[in-house]
Amino acid sequence: MDAFLMQYIDPYYLRILVLIGINIILALGLNITTGVTGQLSMGHAGFMSLGAYTSAILSLQFAAPFWAALLCGALVAAFFGFLIGIPTLRLEGDYLAMVTIGFAEIVRVFFLNFEPGGKAVGLSGIPQNTTFGIVLLLVIIVIFFNARLLKSRLGRSMYAIRENEIAAEACGVNITRIKVLAFTIGAFLGGLGGALYAHYMFFIRPQDFAFMQSIELLNMVILGGMGSIPGTILGAIILTIAPELLRIVAEYRLLFYGALLVLLMIFRPNGLLGDVRIYDLRKRWMNKEVGA
Amino acid sequence: MLELKHISQEFGGLRALDEVNLIVNEGQIYGLIGPNGAGKTTLFNIITGIYQPTEGGVYFQGQKIDGNPPHQVARMGIGRTFQNIRLFAKLSVLDNVRVGSHAVTQAGLFGSILGLPVVRREEKQILHKSQTLLEMVGLQDKRWEYAENLSYGEQRRLEIARALALQPTLLLLDEPAAGMNATEKQELMSLIYYIQKEMKLTILLVEHDMNLVMSICERIAVLDYGRKIADGSPEQIKNDERVIQSYLGAPA
Ligand SMILES: Nc1ncnc2c1ncn2[C@@H]1O[C@H](COP(=O)(O)OP(=O)(O)OP(=O)(O)O)[C@@H](O)[C@H]1O
Ligand SMILES: [Mg+2]
């Protein structure tokens with residue numbers, strides 16, 4: 001499929017499309033933890049890193065099939081999401097954010113000193129198995145399952161936790177369990193995105209998954225609209241393209257981000273697509289019952 | 001059905017509840033009254049597991065339930081509303097009620113994302129039940145609105161619908177009429193009557209509106225500074241010296 005597309009699309013654009021796809025998967029994972037369940041995670045790149053390294057090592061040292069490397073990368077990340085989910089659940093807001101930052105930092109320092117991961121030099125020669133076709137397919141699958149989850153009983157209880165924990169508990173929601181679940185699913189998608197990234201970039205280093213990467217992903221969720229699938233997708237698209245467009249004025253990139261966030265806070269404090277949720281919207285339109 | 005034995009609750013040095021005993025029988029509408037800060041909400045929070053009482057025990061259907069976390073108490077069939085409204089503001093009215101049925105539904109992760117028939121069937125039942133409840137509290141037309149866009153009175157009714165979605169046997173209402181106008185209060189009274197009969201509920205309610213309390217409660221307990229100073233029928237309470245002194249003021 002990629003060879004076919006390459007005849008029509010400039011490889012540079014194809015590359016951006018692939019990166020958009022990977023970022024959509026990463027951001028949709030973070031959206032479940034932070035956007036939907038309201039648990040501020042500032043260490044999503046840590047899960048990405050675990051997925052990237054796990055899958056790359058499996059490919060390089062064990063010649064694992066691509067799909068197996070992807071799956072293992074995602075599962076290892078999910079396992080760590082589960083592990084750090086448990087102690088962080090008693091924490092809120094700032095404290096939770098700090099623990100997640102710390103976690104991602106520990107992962108980064110671990111790989112800096114991890115012999116099989118090539119230490120600071122990183123890993124190179126990772127087979128470039130991630131194609132546009134595969135990313136597209138996975139994006140569609142992830143969106144589909146994500147939408148199903150968010151409109152299900154469990155998805156609703158995640159939104160409920162974000163909105164009011166005490167009320168959610170009074171409804172019988174075991175908030176500890178649901179938060180761990182949200183963390184685990186978010187980490188799974190983080191790991192999957194990381195594995196796809198490693199098998200697209202050819203080489204990875206620990207600093208590819210540093211704090212700024214976590215913030216970029218968080219920005220996508222915030223920009224698009226916390227808890228909204230279309231919003232998160234839009235956020236991922238905009239923030240993948242923006243740096244490319246701004247490449248010419250690279251020094252002003254941070255200025256641009258600052259201005260963007262300020263404008264957002266003024267005009268759309270809930271993110272571009274606020275809390276637009278696909279299934280809600282469709283029902284509203286179908287029933288012509290959109291409120292005042 | 002609900003029995004509180006020697007419940008005391010201390011916050012730092014403050015004794016918010018002091019040796020409170022209370023027995024609520026099946027099918028009763030039981031009123032809990034008392035001046036501000038008497039400990040009424042604290043008592044609700046103890047029953048629902050938010051606080052663990054410093055002393056004493058809570059018994060529900062013969063079983064000791066204090067020490068259980070709130071979500072488990074909810075699963076035993078105790079639903080509640082909150083004095084300071086706690087809705088899921090950015091969820092639709094319908095979704096608020098749907099979350100209410102969390103404890104009595106099963107769908108798990110894989111069933112949900114795979115869209116298994118059992119899960120679909122359950123979703124249909126949840127939807128149907130939620131809409132029936134919304135119909136009952138008169139919010140069916142607003143089901144796609146965000147909860148935060150409802151008026152005060154509507155929000156209170158939505159909290160009741162959400163609590164009922166739990167299919168409780170005991171319902172705790174914390175000042176359900178606060179902020180309502182006279183007509184809304186009237187409607188609320190018939191609603192409480194209706195749900196009590198229709199769903200065979202036991203209701204324990206805190207309310208400052210004496211008119212409402214006296215007319216719908218079978219039995220009333222009065223708290224003052226954390227102590228229960230009286231309990232009995234509305235007639236007895238109206239004529240109780242201590243109650244009049246500390247709460248009702250000069251007889252009307
Ligand atoms: N979590 C808490 N920590 C410390 N003190 C508390 C806490 N919760 C309640 N109190 C105190 O306990 C006392 C009883 O409060 P409570 O809210 O139960 O009163 P109430 O009877 O519901 O009053 P109102 O009619 O105003 O709702 C008050 O003095 C209050 O300040
Ligand atoms: Mg109170």
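Letters A, B, ... are given to chains in the order of the sequence lines, protein chains preceding strands, and every chain is numbered from 1. Values below: every heavy atom of this structure, side chains too, minus hydrogens, waters and symmetry copies. Note that this is a predicted model, so its numbers are computed, not measured.
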CD1 (A:Ile237) and CG (A:Leu223) are apart, to the nearest 0.5 Å, by 11.0 Å

A:Thr130 OG1 to A:Leu138 CG distance, which is reported to the nearest 0.5 Å |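 Going from the OG1 atom of A:Thr130 to the CG atom of A:Leu138 covers 9.0 Å.
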
Sort [X] into side chain, backbone, both or neither according to what part of it lies under 4.5 angstrom from a heavy atom of chain A.
X	result
B:Leu94	neither
B:Gln106	backbone
B:Ile126	side chain
B:Thr48	neither

Any side-chain donor paired with an acceptor under 3.5 Å for B:Gln9 and B:Thr42?
->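 On atom types as modelled, these side chains do not qualify, holding no pair under 3.5 Å.
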
Looking at B:Phe88, does the NZ or CZ of B:Arg162 lie under 6.0 angstrom from its six-membered ring centre and within 45 degrees of the ring axis?
->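 Pair B:Arg162/B:Phe88 counts as cation-pi.
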
